[in-house]
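The figures that follow rest on heavy atoms only: side chains count, while hydrogens, waters and symmetry mates do not. Letters go in sequence order (proteins before strands), and every chain restarts at 1.
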Number of protein chains: 2
Amino acid sequence: MRDVAERAGVSFKTVSRVVNAEGGVSEVLADRVAGAISELGYRPDERARRLRQSDAKTGAIGFVIVDVSNPFFSSVLRGIEEVATAHDSIVMSGSTDGDKDRERQLIDAFVSRRVDGLIVVPEGSTDNTLRVEIERGTPIVFVDLEPSELTADLVRSDHHLGSVAATEHLIAHGHRDIAFFGDHPDISSSRLRRAGYEQALTAVGIDIDENRIVQDRLRPDEWRDVIRTYLETHERPTAIFSAQNFVTVGCTQALHDLDLHTTIAQVGFDEIELGDVVTPGITTVPQHPLDLGRRAAQTLFNRIGGDRGDVTKEIIASPIIQRGSGEIRPAATPAD
Amino acid sequence: MRDVAERAGVSFKTVSRVVNAEGGVSEVLADRVAGAISELGYRPDERARRLRQSDAKTGAIGFVIVDVSNPFFSSVLRGIEEVATAHDSIVMSGSTDGDKDRERQLIDAFVSRRVDGLIVVPEGSTDNTLRVEIERGTPIVFVDLEPSELTADLVRSDHHLGSVAATEHLIAHGHRDIAFFGDHPDISSSRLRRAGYEQALTAVGIDIDENRIVQDRLRPDEWRDVIRTYLETHERPTAIFSAQNFVTVGCTQALHDLDLHTTIAQVGFDEIELGDVVTPGITTVPQHPLDLGRRAAQTLFNRIGGDRGDVTKEIIASPIIQRGSGEIRPAATPAD
DNA sequence: CGAACCCTTGACAACGTTGTCACACATCTG
DNA sequence: CAGATGTGTGACAACGTTGTCAAGGGTTCG
């Protein structure tokens with residue numbers, strides 16, 4: 001900026017006035033300054049600008065996510081981006097893989113860069129990094145997951161109700177021996193989904209069988225083998241509720257590997273690509289990640305804009321989509 | 001910081017020393033300061049810190065992407081993130097949807113926040129926003145696409161060779177009437193893929209038929225209908241090369257819709273989820289987006305670290321993966 | 001016992017920007 | 001024609017931090 005001022009033969013302040021189109025600058029000078037700016041390729045330093053007006057927003061928000069490369073989360077991010085753009089804001093994001101330390105690091109990095117707010121998928125967070133931030137008044141919105149001991153605005157799918165619906169759907173098609181494959185129970189959505197599964201079973205008097213439940217934190221590509229092995233080493237269930245998108249993919253692959261895809265029924269939680277092209281099509285309880293992202297960001301920007309209302313919870317339910325896999329009936333129905 | 005200093009009864013500088021563990025502070029004071037810091041929940045302002053040491057890095061890079069919610073790109077982002085984390089850097093990202101203005105806006109936003117470098121998927125960029133940045137010496141790496149008039153480091157898949165291989169594969173299975181469905185020719189990868197397709201055909205003396213080529217910029221979910229309509233209104237090709245991931249998904253859906261999936265051969269460019277579970281499995285020329293992201297980021301951080309070597313181009317080829325759809329032979333082979 | 005040293009601490013300037021104010025000069029008003 | 005008003009411009013402080021330097025106090029050494 002100094003260089004520009006010197007080149008145009010004016011003071012900093014005049015340059016500043018031109019850059020910000022404040023007016024009150026004669027045309028002659030304004031032109032000279034504009035010329036100098038483009039000759040030197042000068043860009044105002046946003047950091048310094050925001051530093052000076054220290055009450056001003058930084059025009060950036062942070063998104064702490066479990067894994068961007070999971071299409072569910074990347075769609076959430078896309079939704080957030082859209083709203084952020086409309087508010088002239090930039091999105092910084094980072095994946096945690098559910099690692100507590102990484103989560104803390106990311107939040108620290110965002111906070112120390114003075115983001116205007118945070119959207120967090122809190123996978124490991126009884127953490128008090130977040131607690132401190134909330135107390136300081138940093139706007140924070142949770143998305144997808146719900147931490148047990150922290151309170152802030154929240155937007156997520158109705159994991160419980162969706163799972164009840166999925167399980168009831170299988171029961172309605174004659175199944176009583178339904179396996180549950182899902183994420184690690186540390187993850188709040190996974191707990192809720194399992195609870196929904198159990199509730200639906202219990203409601204019709206089916207006992208919960210621990211052998212029918214597999215919950216684990218695996219890499220996306222590991223589920224295929226795990227489920228195939230399960231099916232090879234256990235008495236086979238007549239139906240499966242695969243309670244997460246990667247699990248659903250792995251499950252579908254495993255069923256095809258063993259040529260059981262027309263024998264064992266499957267309902268998944270969350271949509272997957274080509275879910276309607278596989279044979280049979282995969283019956284799922286969909287989520288709407290783009291929408292989740294938009295809503296979360298909308299809530300965040302309301303807070304950033306000064307909304308001091310009560311903490312809100314948006315819990316979104318979606319009806320099951322039938323495509324075939326969930327409507328397979330058990331092969332034999334032995335009298336019991 | 002002032003508050004902390006006051007509370008601990010010391011000067012700013014001492015607080016600064018404690019925060020940065022500079023040493024040379026007595027234990028008594030250090031403890032008092034540490035106490036004040038945690039009581040007040042103080043976080044140093046990274047912006048001010050970096051402002052003061054104006055030669056220092058900001059610890060942030062920008063990623064200008066076409067669409068984060070495309071799994072291909074979100075995997076690239078994930079790869080970038082990994083490397084960035086290892087370099088203590090944050091990633092800001094934004095989707096352009098190939099819109100030039102949006103691209104310029106994003107680059108501006110990143111540059112004025114003084115990112116240490118940029119990774120760009122240059123979809124609309126003859127733009128001189130970027131040219132100016134390159135001239136100023138901002139480290140920039142292009143990924144996936146290659147702008148015609150700008151020079152910087154580049155990491156991408158071998159779109160041309162991959163497409164030659166895909167087309168040759170179909171030819172080798174007896175096809176001479178092969179349709180090409182792909183992205184808009186504005187996009188450099190799309191041009192290269194089409195060129196590869198044409199080269200392979202021409203090499204064996206097959207004429208290029210414009211009616212067999214559809215290139216367009218569509219929303220991901222539009223391809224299904226477009227391709228179905230094409231197949232309903234045109235004499236049917238015996239094989240299809242679907243030259244992008246969303247196109248491949250739409251094509252597979254359309255083929256299933258019309259029950260042509262066992263009749264018409266298909267080879268896709270880029271992997272898609274469940275590509276091995278659909279019947280038949282989808283033969284593809286894979287890309288390795290995670291790896292592309294890692295390499296691009298690695299190159300960028302080398303530059304940021306001061307590497308002034310010649311501009312590099314990494315062009316990565318991968319062998320075709322056969323899964324069934326690409327090995328379908330034409331129904332009848334009329335003498336011609 | 002005084003000089004030379006080390007250690008801890010603080011005052012001040014600086015980073016790149018904008019807000020505040022005052023100054024110079026031109027123009028209007030009574 | 002003096003005073004009031006308006007217009008363009010620049011000097012300076014401030015944002016939150018760190019680098020530089022000097023001062024204060026204690027220790028060591030001759």
Side chain of [X] only, heavy atoms from C-beta on: which candidate in [options] is closest?
{"X": "A/K13", "options": "D/dG16, C/dT18, C/dT17", "value": "C/dT18"}
{"X": "B/S16", "options": "D/dG10, D/dT18, C/dT18", "value": "D/dT18"}
{"X": "A/R17", "options": "D/dC15, C/dT18, D/dG10", "value": "D/dG10"}
{"X": "B/T14", "options": "D/dG16, D/dT20, C/dT9", "value": "C/dT9"}
{"X": "A/E22", "options": "D/dT9, D/dT18, C/dG19", "value": "C/dG19"}
{"X": "B/R52", "options": "D/dG10, C/dT17, D/dG16", "value": "D/dG16"}

Are [X] and [Y] packed together at the side-chain level, in the sense that at least one heavy-atom pair is separated by less than 4.5 angstrom?
{"X": "A/Q287", "Y": "A/H159", "result": "yes"}
{"X": "B/H87", "Y": "B/D116", "result": "no"}
{"X": "A/F73", "Y": "A/V68", "result": "no"}

In whole angstrom, give the distance that lies between atom [atom1] of [X] and atom [atom2] of [N].
{"X": "B/L51", "N": "D/dA14", "atom1": "CG", "atom2": "P", "result": "17 Å"}
{"X": "A/R50", "N": "C/dG19", "atom1": "CZ", "atom2": "P", "result": "12 Å"}
{"X": "B/R47", "N": "D/dT18", "atom1": "CZ", "atom2": "P", "result": "14 Å"}
{"X": "A/R114", "N": "D/dG16", "atom1": "CZ", "atom2": "P", "result": "9 Å"}
{"X": "B/E27", "N": "C/dT8", "atom1": "CD", "atom2": "P", "result": "10 Å"}
{"X": "A/R49", "N": "C/dC15", "atom1": "CZ", "atom2": "P", "result": "19 Å"}
{"X": "A/F12", "N": "D/dC12", "atom1": "CZ", "atom2": "C1'", "result": "10 Å"}
{"X": "A/L29", "N": "D/dT7", "atom1": "CG", "atom2": "C1'", "result": "13 Å"}

Just by distance, no angles: are the side chains of A/S188 and A/E146 close enough, under 3.5 Å, to form a donor-acceptor pair?
no
Does B/V25 or A/R2 map to a spot on DNA chain C nearer the 5' end, using the closest nucleotide for each?
B/V25
Is there a side-chain contact between A/Q53 and the phosphate of D/dC15, meaning an N or O under 4.0 Å from OP1 or OP2?
no
Any side-chain N or O of A/S26 below 4.0 angstrom from OP1/OP2 of D/dT9?
yes
Among A/R114, A/E133, A/R303, whose side chain to side chain donor-acceptor pair (under 3.5 Å) with A/T138 holds?
A/E133
Look at all strands and tell whether A/V19 reaches a base, only sugar-phosphate, or nothing, counting heavy atoms closer than 4.0 Å.
nothing
